[in-house]
Amino acid sequence: MDVKVIPGAIQESDADAVVVSLFEDTQPGGATEAVDRALNGAISDLVAAGDFSGKAGQVVVLYPRGAIPARRVILVGLGPQEEFDTDAVRRAAGLAARKAHKLEARRVASILHGAGGLSTEQAAEATAEGSLLALYDYRGQKSGDPPTPSPHSLELMVDHQAELEAAQHRADS
């Protein structure tokens with residue numbers, strides 16, 4: 001899988017799937033909030049209805065229907081904010097990568113999960129590691145060409161404006 005870091009807003013990506021995340025029992029913030037606004041509150045509606053709480057291991061797929069250029073939005077739960085660390089990022093990124101694989105998404109764009117609580121470098125590294133490890137296919141003694149991995153590329157979207165807004169939101173809380 002080809003992994004790239006790309007500056008820009010996740011809601012503007014035209015990837016087959018974009019990945020956003022949410023801490024347990026919180027409202028969307030930062031880049032996830034920007035996607036939620038672009039989807040006319042679809043993520044907030046899931047949270048309000050009790051259909052998504054942000055628990056670790058939760059994954060849901062939304063279909064934007066033209067509200068954003070991406071074909072799908074994969075929302076993953078990060079678990080409790082007070083228990084958040086790079087392992088939580090790896091697990092969330094891995095879940096999203098496996099879901100993208102099942103959906104046969106060839107190009108995936110992801111936010112840096114928890115970039116507001118981790119350094120950009122830590123979040124990028126953990127997001128890439130979790131995605132790559134989740135899609136690892138041990139070939140052992142098998143002969144022939146290995147299957148082409150799906151997704152083929154992972155774009156780590158870095159939107160500094162969204163990161164600044166998320167940091168300000170935490171400071172105000």
Side-chain angles (χ1 to χ4, degrees), residues 1-23 28-39 42-43 56-79 84-139 145-167:
M1 179 185 337
D2 184 28
V3 180
K4 303 175 205 171
V5 177
I6 298 178
I10 190 80
Q11 70 274 16
E12 295 172 5
S13 172
D14 63 352
D16 296 322
V18 296
V19 180
V20 294
S21 55
L22 188 65
F23 285 110
T32 302
E33 181 181 13
V35 171
D36 185 42
R37 279 193 311 264
L39 297 177
I43 295 172
Q58 275 189 309
V59 180
V60 68
V61 178
L62 299 165
Y63 295 87
R65 299 181 179 206
I68 61 175
R71 292 182 52 212
R72 298 176 184 95
V73 174
I74 300 172
L75 175 64
V76 293
L78 295 176
F84 182 72
D85 59 11
T86 54
D87 285 333
V89 173
R90 286 185 196 95
R91 285 189 296 273
L95 286 169
R98 283 192 292 276
K99 179 56 86 174
H101 176 75
K102 287 180 185 176
L103 295 169
E104 298 181 7
R106 298 176 61 80
R107 194 170 131 237
V108 176
S110 178
I111 63 170
L112 301 181
H113 306 291
L118 300 173
S119 72
T120 301
E121 293 81 11
Q122 287 175 313
E125 184 177 324
T127 301
E129 285 174 354
S131 299
L132 291 167
L133 288 171
L135 298 174
Y136 177 73
D137 180 24
Y138 176 69
R139 301 293 297 162
D145 292 332
T148 304
S150 174
H152 295 280
S153 70
L154 173 64
E155 298 170 355
L156 301 176
M157 303 292 292
V158 180
D159 184 357
H160 293 293
Q161 184 60 36
E163 289 179 34
L164 290 173
E165 289 173 9

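Note that the coordinates shown come from a computational prediction; the quantities given were computed from them, not determined experimentally.
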Sequence-distant partners of Arg91, side chain to side chain donor-acceptor pair (under 3.5 Å), two or more places apart
none
When you compare the side chain of Val73 with that of Ile68, does any pair of heavy atoms fall below 4.5 Å?
yes
For Ser21 versus Thr32, what's the shortest heavy-atom pair and its separation?
O-OG1, 2.7 Å
CZ of Arg90 to CG of Leu133: how many Å apart, nearest 0.5 Å?
8.0 Å
Looking only at heavy atoms, the pair that brings Ser110 and Thr127 closest together is OG-CG2, 3.9 Å
Among Val18, Val60, Val19, whose side-chain contact (heavy atoms from CB on, under 4.5 Å) with Ile74 holds?
Val19
Kindly say whether Leu154 contributes a backbone atom to a donor-acceptor pair with the side chain of Asp2 at under 3.5 angstrom?
no
Which heavy atom of Ala134 sits nearest a heavy atom of Ala97, and at what distance?
CB-CB, 4.3 Å
Are any non-hydrogen side-chain atoms of Val20 and Gln11 less than 4.5 angstrom apart?
no
Between atom CG of Leu78 and atom CD of Gln58, what is the distance when rounded to the nearest 0.5 Å?
11.0 Å
Would you say the side chain of Pro28 lies within less than 4.5 Å of the side chain of Val35, judging by non-hydrogen atoms?
no
Among residues at least two apart in sequence or on other chains, which ones pass side chain to side chain donor-acceptor pair (under 3.5 Å) with Glu155?
Arg107
Once rounded to the nearest 0.5 Å, what's the spacing between atom CD of Glu125 and atom CG of Leu112?
12.0 Å
Between Ala93 and Ala126 the two heavy atoms that sit nearest each other are CB-O, 4.5 Å
Can you tell if the side chain of Val76 reaches within under 4.5 Å of the side chain of His113, non-hydrogen atoms only?
yes
Contacts of Leu132 meeting side-chain contact (heavy atoms from CB on, under 4.5 Å) (sequence neighbours excluded), chain-then-number -> Met1, Val3
For the residue pair Ala109 and Ala15, what are the closest heavy atoms and their distance?
N-CB, 3.8 Å
If I compare all heavy atoms of Asp16 with all of Arg106, which pair ends up nearest, and what's the gap?
OD2-N, 2.9 Å
